[in-house]
Every structure is written in structure tokens, then in C-alpha cells.
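Structure first, commentary second.
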Amino acid sequence: MHQDHIKISLSKYFVSRLSKKDMKQIEVPNRLLKHYKRHPDKLINCKVKYIQKIDNYVKSNKVNIVGIDLGKYRYLAASNLDLTFTFRDEYNTFFHLFRKYESRLEDKQVDNNKAYSKLKTGLKNHINQVINELIEQVNETNSYQTVFVLGDHGSSHLSFPSLVFDLTYFAIKQRKNENDEILIVDESFTSIECPICHDRHQHNRTNKNKFKCTKCGFRHQNNDIVAASNIAKKGKLLVF
Ligand SMILES: [Zn+2]
């Protein structure tokens, strides 16, 4: 029920913005498409087989799926399904924040709770800044909808990865466009699976954080980006 509602609302948004090129490609009588373009609210009365055609067209041409891989030292890497859109946090901010936190803990003068709240503020500021940049770049791709897919490591509730995950989730939730969605997938094996031949091997990930498939030879300069595109693929299985 909920899923159908999302479908209709995205298709409604889309039909009101139909181009001539779109109309040629969707196998629905053009007089109907023109009608729905003027009256998107009437789409709810459209035949199911036509709604499905419109919906499939939107999914394969207008929906951008962006996988997000989170790390402890380099905060974030993102990629779409085929690695044609990629984004990386280039700064070592997380590394410095955690190092500062550890040295505050060693300092007997500093209260542990205070050290933790300083760390949390630092993480939050950096996360918000990076997510702003990511969403700005995603918006430039002119999709009708972006599905953000977050890889979850299944970390225990009070751990740092789970804090970073939660702060990221809320940063995206606050900034995304109305049509956009956030999905969570299990990120197991995403950093060692080849995006071309799907072979999983520990040695696909090199010690310099590059990717080199031991089976088919596919290479990429950044393993986190490859992991992010694998996360996007796991998200796609949930959407389509
Ligand atoms: Zn391969």
C-alpha cells in the first residue's frame, strides 16, 4: 500500500514534466500522456498497465541510485551503479578528530563526557558539510529522484561507526529533496566484490586501498568507491 503510494506520487511528479522525447519512448498513447501532463492528479484513474509502463520508464531513466560507504578515517565515498558518478570526502578530518579525542581521554584534567561531546560536535559539523557537498553534486545530475543507499556494518548500538551512521542518516534526511528516499542495506562483502565479474576475494582489495580483481583484472584507484557502487547495486535490488 505504502509502496504504491510512493510510485504514484513519483510518476505524478514526472508526468507533469514530460518532454516530447519521453512521450516518444513510453509505450502509452500520447493523447493520454498529454492529458496526464495537464492533470497529473488524474493519474490515479489510469489503467494499471499504463502506470507500470510510466513507472518503469521513470525507474530506468529518471532515478539516480547513489550508494554510500562510510569509514572511520576517510569519512565517506559515494558512487552510482556504474561508477559514472563518484564522490569522496578528501579530508582527514575524522582521523584528526578521533586522535584529538584519544589524547583528551588520556588527559586526567579533561572530563570524559566533555571529550565525547566535543568529538560528537566535530563529527556532526564535518558530516553536515560533506553531505551538503554530496547533495549539491547529486542535484546537478538532474534526476527526478535520488535513492540514497547507506551501507550498514551492523555495529553495536553505542559504537562510533553507529554514531557516524546515525548522524549521516539524519544529515541526508534533513537535506534531501522531497521525492528522494534513503535505504539501508547490509554492506557485507561490498568492499571485496568485483563490480564486473562479481568474484569475491579478500585480495581484490589491495593494501593501498585500491581495487584489483584477482579473477578478471578489473582495476579501480579507490576501493571505497567500488564498495559504494556495490552498495548502490544492493539498493537497486530493493527498489526494482
Ligand atoms: Zn572481476
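Because the structure is a prediction, the values reported are computed rather than measured. Ligands are counted one by one from 1 in listed order, and the atoms in each one are counted from 1 as well.
When N92, D224, D89 are each tested for a side-chain hydrogen bond (donor to acceptor under 3.5 Å, both in side chains) with R74, only one passes: N92.
As a member of the Ile/Leu/Val/Met/Phe/Trp/Tyr network built from side-chain separations under 4.5 Å, F211 groups with L83, I196, F218, I225, V226.
Applying the ring pair (Phe, Tyr, Trp, His ring centres under 6.0 Å) rule to pairs touching residues 19-53 yields H35-H39, sequence neighbours excluded.
Taking 2.8 Å as the limit, the number of protein N, O or S atoms around the Zn ion (ligand 1) is 4.
For the 3.5 Å distance criterion, the side chains of N64 and N80 fail to qualify, holding no donor opposite an acceptor.
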Which pairs would a plain distance check flag for residues 110-124, meaning a side-chain donor or acceptor within less than 3.5 Å of a matching protein atom at least two apart in sequence or in another chain?
unit_1 : atom_1 : unit_2 : atom_2 : d
D111   : OD2    : K114   : N      : 3.4
T121   : OG1    : S117   : O      : 2.8

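H203 and H201 have tilted rings, their planes meeting at an angle from 30° to 60° on a 0 to 90° scale.
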